[in-house]
Amino acid sequence: MSSPASTPSRRRGKRGRGSNPPTPQDARSPPSQKRRTEDSTSTGDLQPMPTSPPADVQSPSGPDALFSSPPQFRHPAIPLDFDISSPLTYGTPSSRVEGTPRSGVRGTPVRQRPDLGSVRKARQVDLHSDGLAEDAVATEQSLGQKLVIWGTDVNVASCKEKFQRFLQRFIDPIAKEDEDIGLDLNEPRYMQRLEEINMVGEPFLNINCDHLRSFDENLYRQLICYPQEVIPTFDMAANEIFFDRYPDSILEHQIQVRPYNALKTRNMRSLNPEDIDQLITISGMVIRSSQLIPEMQEAFFKCQVCAFTTRVEIDRGRIAEPSVCKNCNTTHSMALIHNRSMFSDKQMIKLQESPEDMPAGQTPHTVALFAHNDLVDKVQPGDRVNVTGIYRAVPIRVNPRVSSVKSVYKTHIDVIHYRKTDSKRLHGVDEETEKKMFTEERVEILKELSKKKDVYERLSLALAPSIYEHEDIKKASKILYFSCKGILLQLFGGSRKDFTHTGRGNFRAEINILLCGDPGTSKSQLLQYVYNLVPRGQYTSGKGSSAVGLTAYVMKDPETRQLVLQTGALVLSDNGICCIDEFDKMNESTRSVLHEVMEQQTLSIAKAGIICQLNARTSILAAANPIESQWNPKKTTIENIQLPHTLLSRFDLIFLMLDPRDEAYDRRLARHLVSLYYQSEEEMEEEYMDMAVLKDYIAYARSHVNPRLSEEASQALIEAYVDMRKIGSGRGMVSAYPRQLESLIRLAEAHAKVRFSEKVETIDVEEAKRLHREALKQSATDPRTGIVDISILTTGMSTTARKRKEELAQALRKLIQSKGKTPSLKYQQLFDDLRAQSDTAVTKEMFEEALRALADDDFLTVTGKTVRLL
Amino acid sequence: MPCVADWLNNPFSIVQGIFAQNVPNSDWEKKVTDYFKEKLKENNATNWVPSLNDVPVHYLKPNSLVKFRCMVQDMFDPEFYMGIYETVDPNTNARVLHFGKYRDVAECGPQQEIDLNSSQTVTLERQTFYCVPVPGESAWVKEISKTKGKPHGSSQARVSPSTSYTPSRHKRSYEEDEDMDLHPSKQKEQHMGSGGDIHGCVEPKRLETEASAGHHLISPNCSPPLDLNFPLPGEKGPACLVKVYESWDSFKVNDVLEVYGILSVDPVLSIVNSEESCAVPFPVDSSALDPMDCMDTAEEQRVHSPPASLVPRIHVILAQKLQHINPLLPACLNEEESKTFVSNFMSELSPVRAELLGFLTHALLGDSLAAEYLILHLISTVYARRDVLPLGKFTVNLSGCPRNSIFTEHLYRIIQQLVPASYRLQMTIENMNQSRFIPHKDYTANRLVSGVLQLASNTSLVVDETQLEQGQLDTTGIHNVTALGNLITWQKVDYDFNYHQMEFPCNINVLVTSEGRSLLPSDCQVHLQPQIIPPNMEEYMNSLLTAVLPSVLNKFRIYLSLLRLLDYSISEDVTKAVEEDFVEMRKNDPESVTADDLHRTLLVARFLSLSAGQTTLSRERWLRAKQLEALRKARLQQQKCVNGNEL
């Protein structure tokens, strides 16, 4: 593959042949240059064509119309030059000068671009001549502007000029700060990039095709259609500018231009024969990468008879073996010398289309990629990448010796640029991909929707259409109505805040919700619906999951015998929602894992020598059934579901979904269910659309809206919190904890997100308060007193219950003291006395508890059936 | 019939003719499909086309028209091929245009060369599906579809096998004899395995002898046998690479197709395989440094281009999705003539139903309620999905089955005789821990490795829980049980793509037979109450099957397949009545009547109406459904009490 054919180097090589030594550049790099002049086997086939650009016949010192690079003698020193024939220098292309003069740009060697493939055919033809090659060559000076590369409409000179103008002038009007750290947005963007190259020394210039398109539509079109010809031209242009500005810069090799983001990112499925040889960008997931493959770029032949050597470049995947030695005319005497030949790195990668792009019910497509040189090993299996490259199709020869050809082409993409789409996920939501999901019209629709007054209502009603009719849900079940609202807010989530620098760590932005209640109240359906709604949702059942299944486990890879970390549901739903059904049936050890996840949003693992902390910024939506299968209204939430209060207090909202047992509700439910059984397919389709809109709405809000608290809102929050504390203080109990305040803030933020508002305002706080109150009313009501008591959730026992316990202990103490100074008492006797004395029923448990309390006070000890005073 | 022989035996000549007439217009492709469509419409022409399902590949003439009834197991990447290419004769410089459609190898004469750079070359795209015979296809389906074409006189109507097989004519009749012989012993065959495939049982022997007779079957150096990737263990039959040329987007994995196309078994395809797999890292001489050599792993090569003799290629001319695979029913129910068939059958529906009910009652040891529910189960199908909720699935858990008896096995055999596709899953600890239920993607070979749960729509899956013993499930076992549970609850299987999972909706009728309540979820639990305990279960069941006339059996088959495809609606006033009813029930007993009960009763009512051939719900059916439910529940209650007393 002799891509340099279109880069200056290759042409100059030909010029060397055409104008014959001695020319200045021959004096500069004699060995390689000489060899090149003698090498005509590989290029011989091109000679009848107007092979070379106009500059070819000119003396290099003349005004070089095409390669406006400065003449070489301006930099006579060639510090990097060395003897090519030295055996030490074979192999690595970058270290070799591959027989090319350094064009104008000092001693920086040109590096081949195998990614561009064989461009030997890049002949230029004159559009206006009658196709007579000689004429074109003769008059090329005057026709210079009309010359195009054969088969294309690309004029090298104008193309280069345009691109240089682009580099020098382009200022991104809609640049985002986060993308270009350290770039001055008002200065030409790519000039700053070149400066960066000068400082960092990484000779690659990434060009966003979108920028190019907004700058010069035609140039962009040419790039897309004829990347093989245009990119080398870009290379030239970039190098000239670079070495003009930084003549002393030393790079490993010349700058290579890497365009990315070509057109809209194409779906792998939409690739078709028309895309062959065009520049495309597709997204997908790497599923397999091969070992490094050394690919021969240039073969080195030596005559066995006279030791004459020659080099043959690869041409379209083949090396043409010279059959006759040009020196001694012996036939079949040339032998390949392996370690003098030149190889480049190559890697085969399989890319599979990303799961989101796949139509339902079909299997994913894959496409082969070839990565070259330094792009080798840039991606690992499992990475999500956007690949920009040239799409190729190559016919398969059944057998080299038989002329029949399989009628199928093998296709692959020569990679020019990788962009990992998930690398950013480490520090936040993946913006690049999510932004792309929305077309402008879509965003318009969403924004329109967000302006509606009742958007919050609408969305929350859209949440669970399969369970209830839209209009009915509100009337039918108040609890369900609020639960839907709560879940909606959960889907949006709060704003992420980072207080790491002040030592408080991250604040949780995710909202956790627990649904508990009677069986058959569609909790599972709600969960399943949510799971299908969010892109990174995970659904597990408490019964079926173990601690390792939720967190992560260490496994020995059967092949490599290395320990690898396999992530579980919680880690997989990072930035998503983890739905856990049958939360109550989860065993103790599994549940304990959740403590860390639900507050710190991380998972720590210390196992088999692997100690690490994984991010698990996941919202948890759990559903639990009461222990007695039916909700016992006489018991508290904790008693009903038997979950530790430490865990319960980590849920922002707990909803009780009780069977309302009222006629109107039943009627609506019945109507809705019956309709399910005869509704036609189309009607269902319509509702499915709703889900799509909702999906987009949430995704957009999550990625684009990041509300901050306004002054009034903070005031309102403070007031709300103080009010909540006040309620309890009147009765001598704590009715709110900082955790509740945090919950309120999160809910308010989420509500602001629903409105697409960048500011949290009082109405958001109002709604948050309302929701929080509703949830509390249901879950934290003390069944004995009917008072909302937050301590049920935070300590597992209502304040009144605790008070009663204390009272009983005091009564017992009084009873014992009234008995005088007896050292010991009969257990049963005491119990009977207490029962006789007290006006409420005293159970044995209560009595024992009271005894224990007194024992803790060192008042008495219980041994067997006797109670001994101390 | 020379004309027939032409388009059947040498479809290429037809295509070539149309191509030559119409080039350079691009509509020649359409004309080709139209031509074949017309041809196949002619009186029973579809029956003349030999089917890969019945005829072994080596009996078929290469490049002839064949049909294949199959399920899409995997989809490979689309491939680009030379739609039109040009050959050059280096001596005379004569240029000829060829078409590359329906071909694997670009054809060119001995003196010609393909001009790869010709401006005439047109590159087109086609899609390859890896297809397997419908998993779990019942023996009777194969049998009937096989004999379907025969009345036309087997030797004429059937395409005579390729000329190189002179003894094949003899063999053909031999084969038929064999079939005859096998017929009485069908029952015995059934014993042998769950997939009881008569044809398959005979075939290996023949294959072996034929192979040794020396034609291009398995090359001797091909050491490990090729895994044909059938979803169910013990399946046999040809797997096929089906090349689809148009609207491949409309096909999905697990779709059941009937394809008509040109069979390609070019031995060259196998040569490609062996050459490429032994490619040297880099050629020492100056010969081709083909960049493609290193592209695919050996495994991928094996899977994607297996020897054509084992996995033939079919270049599809016509492909249609099948609603059902029952050969007793017209393939498409919307056509005019099939409508008369349907209405004829509907008129005699109630005796058939009564007979079927009687038959199943006997099969269920005299329990008519269980038989009623079994009918409802057998005609259930997922008719729609609401968000995530599949509607119309009716998983029945038949509890109270006698343990360790051959009852469940025989029950399955009877179901197998009734439905077109079925599979019996023995839920033993060993089975759960070892077999692979969920299909997963093998990235080295780049294919979807099938699993037991990769089944076509409307397959009956009988899960036998009576086989379950105490023991420990390992990770695979847990995954398998979870997958089975998901399948039952959501009618979907999450295929494992290693880096992510993908949800594939399915429509599988699951019947769980268990002793007590099953550990798997189910829509409806029916406790079996045997009225008669036959002293010899095996004899009893066998006699039951032999007692049924084949014509009656066929009616049962039509009945079950047809009723699944009917539409159904509920009128406004019945809706009202149901509503009232539900409210009333809730009033009386709010504890035990839930939304789930309403769901179930509505389902029962739906299938009850359909089973009687009614497409709307009537008040009587609704009451009957409620009555059935009440009976069923009473039984369960009773069962609970019994268990309680025992404790």
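Throughout, protein chains are lettered first and strands after them, A, B, ... in sequence-line order, and every chain is numbered starting at 1.
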Residue selection (most heavy-atom pairs with chain A, distance under 4.5 Å) from B:R126, B:E580, B:R103: B:E580
Region of A:M285 in contact with chain B, defined by heavy-atom distances below 4.5 Å: side chain
Contact summary for A:Q362 and B:D249, nearest pair of heavy atoms: NE2-O, 2.8 Å
B:T121, part contacting chain A, at a heavy-atom distance under 4.5 Å: side chain
Non-hydrogen atoms of B:K441 and A:Q352 that approach each other most closely: CE-OE1, 4.1 Å
Nearest atoms (heavy-atom pairs only) where B:D77 meets A:P364: OD1-O, 4.4 Å
Over all atoms of both residues, closest heavy-atom pair of B:Y81 and A:Y409: C-CE1, 3.8 Å
Part of B:K492 lying under 4.5 Å from any heavy atom of chain A: side chain
Top contributor to chain A interface from B:P505, B:G83, B:P78, B:G100 [non-hydrogen pairs under 4.5 Å]: B:P78
Contacting region of B:F497 [heavy-atom separation from chain A under 4.5 Å]: side chain
Which atoms of B:Q73 approach chain A - backbone, side chain, both or neither, heavy atom under 4.5 Å: neither
Side chain / backbone / both / neither for B:M75 at chain A, heavy atoms under 4.5 Å: both
Contacting region of B:L617 [heavy-atom separation from chain A under 4.5 Å]: neither
Non-hydrogen side-chain atoms of B:Q127 and A:H365 separated by less than 4.5 Å: yes
Which portion of B:F504 sits near chain A, non-hydrogen atoms under 4.5 angstrom: side chain
Under 4.5 Å from any heavy atom of chain A - which part of B:K576: neither
Side chain / backbone / both / neither for A:I349 at chain B, heavy atoms under 4.5 Å: neither
Side chain, backbone, both or neither of B:D255 within contact of chain A (heavy atoms, under 4.5 Å): neither
Distance in Å, B:E125 CD paired with A:L271 CG, rounded so as to fall on 0.5 Å steps: 8.0 Å
Any A:I276 side-chain heavy atom under 4.5 Å of B:F80 side chain: yes
